[in-house]
K.L.:
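Got a structure for you, questions after.
By convention in this document, chain letters (A, B, ...) are assigned in the order of the sequence lines, proteins followed by strands, and residues within each chain are numbered from 1.
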There are 2 protein chains.
Amino acid sequence: MAGFVSHFTNRLDAKGRVSIPAPFRSVLVRDGFEGLYCIASPHCAAVDAGGNDLLAEINKRSEAFAKLSPDHDALAIALFGASENLRIDGDGRMTISDTIRDHTGITDQVTFVGMNYKFQIWEPEKFREFRAEAQRRALAMLSEQRSASSQGEPV
Amino acid sequence: MAGFVSHFTNRLDAKGRVSIPAPFRSVLVRDGFEGLYCIASPHCAAVDAGGNDLLAEINKRSEAFAKLSPDHDALAIALFGASENLRIDGDGRMTISDTIRDHTGITDQVTFVGMNYKFQIWEPEKFREFRAEAQRRALAMLSEQRSASSQGEPV
DNA sequence: TGGGTTATTATGGGATACCATGGGATTTGA
DNA sequence: TCAAATCCCATGGTATCCCATAATAACCCA
């Protein structure tokens, strides 16, 4: 199934609302999740967002440990305590909560980045930096692969 | 289905009451439990709270030991002796008992932390400290999971 | 192909409902 | 009988609903 692809930047209004890109909305409708499941990424200044697919992924992670154990508690606090179940209004908008603001540095604009089974929410400038860095790393990895394969097996 | 998610901090009033976050209340309604089941966490300065889902987990724990055995009795006392069945008033508030005060150090504010099948009740400052530690542990646990699984998915 | 028409989308703002909180009044229980 | 718990109502702030509008994209028919 086609998931979240491409990226969009929309403006926040005076009430802290922002339109979720229409293509993303139709994916969410197909997914069937009521609202929008959001979780602060532990790796970067972005928020992961999605529906049942994302939630299933998170549940899978936490189910690896027995409930009521210290390990499970720690993981549950890091995962579910950092999550939010946002609502989408009749016009396809979400409200950026203070939690998301703090974690992303969003002020007046939001960049939505499709990542197939989920999408990410970024402060536009931070996303540009992150993408530049990611591309730099990807290039380095590729050239490393190429030099390794030149003296050995094909990739 | 999404359970208790996100975290909220509310004020205690002069009578020792505090509003249970509305999203948590609607989860409790779905769960069908009358009131709020509370039990002091053995791992940390927090109180576990929830409905039938939490109660089921605790029962599962104690049933792992044969009934009438000394182990079972000890566990039953530890689990059920330390628990309370609080009631929720018409406005969705609970009263913080002295037992909970002693165990958590709560004075004038309460942080509610969603953990899917249950939520925890914390003194706000203690929660911040614990969460920082929990995030470190969770990151380590998650990266271990990912390297263990044959093909890691992108996060 | 092209020009006009209709849908869709992002954004703005007013009105309303909900929620956290405070406090008085009433009941319960020791 | 007194204190504590419970019920009930009031209120300010916030989030949600609903409708309007401009810009863009899709469509249709000649």
K.L.:
A:Ser83 and side chain to side chain contact (heavy atoms under 4.5 Å, CB included): which partner among A:Ile39, A:Val47, A:Asp48?
P.N.:
A:Ile39

K.L.:
Looking at every strand, decide which applies to A:Arg11 at a 4.0 Å heavy-atom threshold: base, sugar-phosphate, or nothing.
P.N.:
sugar-phosphate

K.L.:
May I ask you to say whether A:Glu57 pairs ionically with A:Arg61, meaning some side-chain N is under 4.0 Å from a carboxylate O?
P.N.:
yes

K.L.:
Any idea how B:Phe24 and B:Phe8 line up, ring-wise: parallel (<30°), tilted (30 to 60°), or perpendicular (>60°)?
P.N.:
perpendicular

K.L.:
Once the angle between the rings of B:Phe130 and B:Trp122 is folded into 0 to 90°, is it parallel (under 30°), tilted (30 to 60°) or perpendicular (over 60°)?
P.N.:
tilted

K.L.:
Scan A:Thr95 against the nucleic acid and name what it touches under 4.0 Å (heavy atoms): base, sugar-phosphate only, or nothing.
P.N.:
sugar-phosphate

K.L.:
Using the heavy-atom set of chain B and a strict 4.0 Å cut-off, write down the first and last nucleotide of DNA chain D that makes it in, 5' to 3'.
P.N.:
D:dT6 to D:dC9

K.L.:
For B:Thr9 and for A:Asp91, find the nucleotide of DNA chain C with the closest heavy atom, then tell me which residue's nucleotide is more 5'.
P.N.:
A:Asp91

K.L.:
Under a 3.5 Å distance rule, please check whether A:His103 uses its side chain to pair with a backbone N or O of A:Ser41 as donor and acceptor.
P.N.:
yes

K.L.:
Say whether, by atom type as modelled, one donor and one acceptor occur between the side chain of B:Asp13 and the main chain of B:Lys15 under 3.5 angstrom.
P.N.:
yes

K.L.:
Checking side chain to side chain contact (heavy atoms under 4.5 Å, CB included) against A:Tyr37, which of A:Leu86, A:Leu28, A:Asn52, A:Ile58 comes through?
P.N.:
A:Ile58

K.L.:
At under 4.0 Å between heavy atoms, what does B:Arg87 touch on the DNA or RNA strands: base, sugar-phosphate, or nothing?
P.N.:
sugar-phosphate

K.L.:
Which pair of heavy atoms, one from B:Met115 and one from A:Asp73, lies closest together, and at what distance?
P.N.:
CE-O, 3.4 Å

K.L.:
Do the ring planes of A:His7 and A:Phe127 sit parallel (below 30°), tilted (30 to 60°) or perpendicular (above 60°)?
P.N.:
tilted

K.L.:
Go through residues 97-109 of chain A and report each residue with a non-hydrogen atom lying under 4.0 Å from DNA chain C, sorted by number.
P.N.:
none

K.L.:
Touch check for B:Ile88, heavy atoms < 4.0 angstrom, all strands: base, sugar-phosphate only, or nothing?
P.N.:
nothing

K.L.:
Below 4.0 Å from chain A heavy atoms, what is the first contacting nucleotide of DNA chain C and what is the last?
P.N.:
C:dT9 to C:dA15

K.L.:
Assess the side chains of A:Asn116 and A:Asp53: does a donor N or O sit below 3.5 Å from an acceptor N or O?
P.N.:
no

K.L.:
Will you find, in the side chains of A:Ser97 and A:Glu84, an N or O donor that is under 3.5 Å from an N or O acceptor?
P.N.:
yes

